[in-house]
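Reviewing the structure listed below.
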There are 2 protein chains.
Amino acid sequence: MKNRDSRLPLYQRLADEIRDQIASGKFKPGDRIPSENEFIAQYGAAAGTVRQALQELVDEKILERVHGRGTFVKKAFDSTLFRFFRFNQNSNAPPESRMLSRELVTPASYVQRQLKLNDGDKVIHLTRLRLIDGQPALFEEINLKHEGFEHLLDYELSSFEDLLYPMYAEVCDQFIFRAEDTLCVEESTPEIRRLLRIDESLPIVAIERLAFNFGSTPVEWRRSRGRADYFKYRVDIR
Amino acid sequence: MKNRDSRLPLYQRLADEIRDQIASGKFKPGDRIPSENEFIAQYGAAAGTVRQALQELVDEKILERVHGRGTFVKKAFDSTLFRFFRFNQNSNAPPESRMLSRELVTPASYVQRQLKLNDGDKVIHLTRLRLIDGQPALFEEINLKHEGFEHLLDYELSSFEDLLYPMYAEVCDQFIFRAEDTLCVEESTPEIRRLLRIDESLPIVAIERLAFNFGSTPVEWRRSRGRADYFKYRVDIR
DNA sequence: TAGTGGTCTAGACCACTGT
DNA sequence: CAGTGGTCTAGACCACTAG
């Protein structure tokens with residue numbers, strides 16, 4: 001174990017070690033990591049101590065343990081923005097996506113700050129419509145770090161997957177681990193009304209998302225908009 | 001330990017036991033519960049097993065452990081509805097409350113269902129305004145189970161506390177432990193505009209809250225409304 | 001059956017709190 | 001100082017999974 005502050009408890013240092021190995025890509029989502037006994041042998045710690053380290057990462061939703069099989073790096077999390085809406089869904093068809101545009105651009109200063117970019121860094125800017133039962137439901141503007149996502153520029157827009165995070169993983173070896181969503185209510189603009197096929201001047205809900213990889217580096221910033229009359233969200237407070 | 005399914009792990013039965021004792025009122029929020037050693041002596045379990053039971057209740061946010069002092073039943077949680085808004089707050093003055101009305105009424109059927117009331121059960125219906133810097137910010141309609149909250153009928157409206165949950169605890173010995181908040185966006189009505197002193201026809205955000213005691217019994221249902229242009233909410237997804 | 005994680009024991013010693 | 005929770009050890013045995 002390299003350069004760990006020995007004032008920290010052993011189980012903490014062990015957890016940090018494993019977390020860093022995941023962030024560095026040594027273990028990827030879906031991989032099985034070493035068993036308890038292997039960690040015990042490798043670090044000379046007691047079983048209870050190793051378990052405590054692993055439990056910490058389970059609580060952080062980085063790891064999943066399966067009785068009899070092993071301990072795995074978590075693969076995906078439920079990132080759907082549709083959690084914030086209830087649509088009059090007739091079928092149970094999954095949402096579709098229609099990519100509208102892709103450009104390599106200089107980011108707005110707000111986006112630059114959110115993604116912690118250096119001056120001159122560019123972003124891949126995507127726009128897409130999300131549809132439920134064929135009806136436009138969300139309009140999305142997506143900004144990705146250029147570095148790490150270059151391969152997205154090679155694909156035809158029409159061949160983009162409906163779900164982007166699995167596609168980032170496949171195509172770019174980039175794994176989204178968590179996100180911060182910020183919601184507010186706005187007036188609809190003529191453009192939004194056209195895209196979402198709204199007649200009246202309904203308010204809309206805007207969701208800004210900053211998404212992070214396992215190393216806690218922000219890699220994607222997006223703004224999604226949907227009609228406010230379909231907005232419905234439940235939180236548990238405790 | 002009475003009537004616990006012995007097929008369950010010991011630490012589970014112990015956790016259930018303690019949880020039930022809290023729900024029954026044997027231990028109240030703020031109380032210190034027995035120490036590890038006392039549980040070890042009482043149940044003949046090993047230290048690690050007792051710790052596992054206690055850790056489970058800490059994860060559920062029922063207990064708090066303080067090194068050197070003991071293990072305590074959690075006192076309060078951050079229940080403020082202002083989490084959903086950002087007001088142009090000049091001072092850092094805490095929100096005030098202005099009680100508008102109180103009635104003992106037959107609940108609407110929706111409220112009756114939410115609070116799991118029997119036919120004929122009445123509810124205490126309160127309305128109040130919440131103010132920030134003296135400006136109306138939220139209008140609230142609150143429905144409380146009659147049973148358990150009778151003492152609220154004895155108080156002058158003007159002597160109600162700004163924060164209701166501490167008042168429920170003091171006056172009625174009723175402790176709110178968690179809540180489910182459901183948000184949506186609505187058109188404003190003339191009455192809401194009058195109460196919140198809104199000129200234009202702004203949309204509003206409505207928050208419906210169902211609040212539970214330690215025994216997971218719903219005891220309060222309320223609907224709160226505020227201007228949608230002040231709505232702003234952040235969630236972490238993982 | 002071998003290997004994994006889950007439960008449980010019975011200690012030791014440390015770190016923090018209040019008196 | 002006594003009493004609390006926090007860290008850590010070195011085992012045992014059980015329950016689940018896969019080959």
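Proteins come first, then strands; the chains are lettered A, B, ... in the order of their sequence lines, and each starts at number 1. Computed from a prediction, not measured in an experiment: that's the story for all the values here.
The pair A:K75-A:E64 does not count as a salt bridge, with every side-chain nitrogen at least 4.0 angstrom from each carboxylate oxygen. A:R130 and A:D162 are not joined by a salt bridge, as no carboxylate oxygen comes within less than 4.0 angstrom of a charged side-chain nitrogen. The residues B:E38 and B:R32 are annotated as salt-bridged, a charged nitrogen and a carboxylate oxygen being separated by less than 4.0 angstrom. Looking at B:E60 and A:R238, no side-chain N of the basic residue comes within less than 4.0 Å of a carboxylate O on the acidic one, giving no salt bridge.
B:Y11 places its OH atom 9 Å from the P atom of C:dG6, with the value rounded to the nearest Å. Nucleotide C:dT9 holds its P atom 14 Å from the OH atom of B:Y43, rounded to whole Å. Atom NE2 in B:H67 sits about 13 Å away from atom P in C:dC14, given to the nearest Å. Protein atom CZ of A:F72 is 12 Å distant from nucleotide atom P of D:dT17, rounded to whole Å. In this entry the distance linking CZ of B:R65 with C1' of D:dG5 reads 6 Å, nearest Å. Computed from coordinates, the A:R32 CZ to D:dC16 P distance equals 19 Å when rounded to whole Å. With rounding to whole Å, B:I33 atom CD1 is found 12 Å from D:dT4 atom C1'. Rounded to an integer number of Å, the gap from B:F39 CZ to D:dT4 P is 12 Å.
Comparing C:dT4, C:dC8, D:dC8 by their closest approach to the side chain of B:L10 singles out C:dC8. Among D:dG5, D:dA18, D:dT4, the nucleotide with an atom closest to any side-chain atom of A:R69 is D:dA18. Of all nucleotides listed (C:dC8, D:dT9, C:dG5), C:dG5 comes nearest to the side chain of A:R51. Checked against D:dT4, C:dT7, D:dT7, the side chain of B:P9 finds its nearest nucleotide in C:dT7.
Using the Watson-Crick or G-U wobble rule with both distances under 3.5 Å, D:dG19 pairs with nothing in any strand shown.
Taking the six-membered ring for Trp, B:Y233 and B:F84 have ring centres closer than 6.0 Å. Less than 6.0 angstrom separates the ring centroid of A:Y168 from the ring centroid of A:F149.
Contact annotation: B:T49 side-chain N/O to C:dT9 OP1/OP2 distance is under 4.0 Å. Taking side-chain N and O atoms only, B:S35 has no distance below 4.0 Å to OP1 or OP2 of D:dG3. Proximity of B:T71 to the phosphate of D:dT4: no side-chain N or O atom is located under 4.0 Å from OP1 or OP2.
A heavy atom closer than 4.0 Å to some atom of DNA chain C occurs in B:Q52, these being the qualifying members of residues 52-60 of chain B.
For the residue pair A:E220/A:Q174, the side-chain donor-acceptor check at 3.5 Å is not satisfied.
Residue A:V50 is the one, among A:V50 and A:V66, whose nearest nucleotide of DNA chain D lies closer to the 5' end (criterion: closest heavy atom). For the pair A:A47 and A:G68, nearest-nucleotide mapping onto DNA chain D gives the more 5' position to A:A47.
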- Message: ring pair (Phe, Tyr, Trp, His ring centres under 6.0 Å), that's the test. Do B:F177 and B:F214 meet it? Break it down for me.
- Response: CA-CA 5 Å; B:F177 162 56; B:F214 276 90; 4.8 Å; yes
